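One structure below.
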Amino acid sequence: MRREQGRTLPSPGLRITHYDPQNGVMIKVEGLTKKYKNFTAVDNISFTVEKGEIFGFLGPNGAGKTTTLRLLTGQLRPTSGKASVCGYDIVKERKKLRENIGVVFEYQNLYTRLSGRLNLDFFRKLYRLPVHRLDEVLEMVQLSDRSKDPVKDYSHGMKQRLLIARALLHRPEVLFLDEPTSGLDPHSANQIRKMILNLSSLGVTVFLTTHYLEEAEYLCGKVAIMDKGHIIALDRTEDLKYRYSSRNINIRLKEDGICNLVVLSIDNKDTGDRLKEYVNSKSLVSIHSEELTLEQVFLKITNPGKL
């Protein structure tokens, strides 16, 4: 059962008419499969994404990420299985689906001879939105002062922010982002990441594909790792790192000008006493856990035996 209502959120102009999800689920995928003759691009995958969550969908090239994204945005029909986004079936209710999602693909399909504002105005008219909505989204992506400049004079990062503004025009409940910071300089990438975090805080659900594992670790509360059409790992980001990390503590001591490494297992009964001894020692240099980064976990499970 769907219930739609309006609510005002604490951000310039961002007011979402939203679907009230059951159990907080905004994206629900059950046994989704896509085959092309003898090739299976997506093979029986299942997962859920909750409201306001930043969900990382990761995997090497050819894993099936883009096919999955196209299925969930109504651009492809699945061979079998089912999925819903914002409560709408991706096959039976594609019109309603598209009205409630925003999509930013890696390819920057903008009208470069037009200004940023005119680019947005073209889509504003398609959505039949009020003119003031242009100012709201331009302010959100920090392009108000350059909105009248032709897009051909924009930097790569500015173009990417304009694409996000375009995707937000109609106040989507779910935003699909395909490699949103690809090729950006660190400053521009940081601006995009802050925008994603802000949207999440306002209740927008973000489905993110990225090859930057540090970015996924920073942004995503939960990640799925896909390989050869299958989801091979799905968990909260911190839990996934914990599962593959060793339970060791690395202690560096400096004695007679020489640094030595002592490795203690958390599971040993005497570790606490030895750790206390080293902390009180004048020779202590540093103490570190052996927790893996998300990138190390990714490499470990997509290339087993090669680390």
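Heavy atoms only: backbone and side chains are in, while hydrogens, waters and symmetry mates are out. Since this is a predicted model, take the numbers as computed values, not measurements.
Defined by atom type and a distance below 3.5 Å, a donor-acceptor pair is missing between the side-chain atoms of H156 and D185. A donor atom on one side chain and an acceptor atom on the other are found under 3.5 Å apart for T181 and E215. Between the side chains of T293 and E295, no donor-acceptor pair is found at a separation under 3.5 Å.
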Practice item. Applying side-chain contact (heavy atoms from CB on, under 4.5 Å), run through I225 and L240 and close with a yes or a no. Key: CA-CA 10 Å; I225 298 178; L240 190 61; 4.0 Å; yes
Point to revise | Candidate pair V104 and D178, rule side-chain contact (heavy atoms from CB on, under 4.5 Å), full reasoning | key: CA-CA 6 Å; V104 178; D178 186 20; over 6 Å; no
Exercise for review: Apply side-chain contact (heavy atoms from CB on, under 4.5 Å) to V151 and N119, showing your working.
Suggested key: CA-CA 8 Å; V151 170; N119 265 269; 3.3 Å; yes
Practice item. I would like to know whether R94 and E99 meet salt bridge (charged side-chain N to carboxylate O under 4.0 Å, His left out); could you show each step before the answer? Key: CA-CA 9 Å; R94 284 194 294 173; E99 289 174 357; over 6 Å; no
Review point. Between F55 and T205, is a side-chain contact (heavy atoms from CB on, under 4.5 Å) present by the stated rule, with each step listed?
Key: CA-CA 8 Å; F55 182 82; T205 304; over 6 Å; no
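Residues R117 and D135 are paired through a salt bridge, judged by an N-O separation under 4.0 Å between the basic side chain and the carboxylate. Ion pairing between a basic and an acidic side chain is recognised when a charged N comes within 4.0 Å of a carboxylate O; K222 and D235 show no such pairing. A salt bridge is absent between D239 and R243; no separation between the charged side-chain nitrogens and carboxylate oxygens falls under 4.0 Å. Salt-bridge annotation for K96 and E93: absent, with no side-chain N of the basic residue lying under 4.0 Å from a carboxylate O of the acidic one.
Between the R98 side chain and the G74 main chain, a donor and an acceptor come within less than 3.5 Å of each other. At distances below 3.5 Å, not a single donor-acceptor pair connects side-chain atoms of K34 with backbone N or O atoms of T68. Listed for the E53 side chain is a donor-acceptor partner under 3.5 Å among the backbone atoms of E50. Under a 3.5 Å cut-off, the side chain of S84 and the backbone N or O of G87 do not form any donor-acceptor pair. K65 contributes a side-chain N or O that, together with a main-chain N or O of G59, makes up a donor-acceptor pair within less than 3.5 Å.
Put simply, Y212 and F298 are part of two different groups of oily side chains (I, L, V, M, F, W, Y) that touch within less than 4.5 Å, one to the next. I251 and V285 fall into different hydrophobic clusters, defined by Ile, Leu, Val, Met, Phe, Trp and Tyr side-chain heavy atoms under 4.5 Å apart, directly or through other members. No path of Ile, Leu, Val, Met, Phe, Trp and Tyr side chains, each step under 4.5 Å between heavy atoms, connects I258 with L261, placing them in separate hydrophobic clusters.
Between the NE2 atom in H187 and the CG atom in N190 there is a gap of 7.5 Å [rounded to 0.5 Å]. How far OG of S115 is from CZ of R146: 11.5 Å, rounded to the nearest 0.5 Å. The CZ atom of R161 lies 6.0 Å from the OG atom of S188; values are rounded to the nearest 0.5 Å. Remark: L72 CG to L97 CG distance equals 8.5 Å, nearest 0.5 Å. In this structure, CE on M195 lies 9.5 Å from CD on Q160, to the nearest 0.5 angstrom. Between atom CD1 of residue I287 and atom CG of residue N250 there is a gap of 10.5 Å, rounded to the nearest 0.5 Å.
The minimum heavy-atom distance linking G102 with P172 is given by the pair N-CB, 3.3 Å. The minimum heavy-atom distance between L284 and L253, with the atom names listed, is CA-CD2, 3.8 Å. Here the closest non-hydrogen pair linking K300 and L292 is CD-CD1, 4.2 Å. Considering all non-hydrogen atoms of both residues, L175 and L168 come closest at CD2-CD2, 4.3 Å. In terms of heavy-atom proximity, V174 sits nearest to M26 at CG2-CE, 4.1 Å. Between I45 and V29, the shortest heavy-atom contact is O-CG1, 3.4 Å.
No more than 12 heavy atoms of other residues, nucleotides or ligands shown are found within 6.0 angstrom of CZ on R70. For NZ of K28, the number of neighbouring non-hydrogen atoms (other residues, nucleotides, ligands) closer than 6.0 Å is 12 at most. Around the NE2 atom of H132, the shell of radius 6.0 Å holds more than 12 heavy atoms that belong to other residues, nucleotides or ligands. At most 12 heavy atoms of other shown residues, nucleotides or ligands fall within 6.0 angstrom of atom CZ in R252. Atom CD of Q75 has more than 12 heavy atoms from other residues, nucleotides or ligands within 6.0 Å.
With contacts defined as side-chain heavy-atom distances shorter than 4.5 Å, the pair Q142/K194 does not qualify. Side-chain contact between L162 and L110 is present, with heavy atoms from C-beta onward closer than 4.5 Å. The shortest distance between side-chain heavy atoms of F105 and L69 falls below 4.5 Å. Within the 4.5 Å cutoff, the side chain of I196 has heavy atoms near those of the I54 side chain. Between H211 and N61, the closest side-chain pair of non-hydrogen atoms falls below 4.5 Å. Two residues are said to be in side-chain contact when any heavy atoms from C-beta on lie closer than 4.5 Å; L197 and R193 fail this criterion. Taking the side chain as every heavy atom from C-beta outward, L208 and C220 approach each other to under 4.5 Å. The closest side-chain heavy-atom distance from I101 to F176 is below 4.5 Å.
Among residues at least two apart or in separate chains, side chain to side chain donor-acceptor pair (under 3.5 Å) pairs with a member in residues 35-45 are D43-H230.
Under the 6.0 Å cut-off for aromatic ring centres, F47 and F57 qualify, their centroids lying closer than that.
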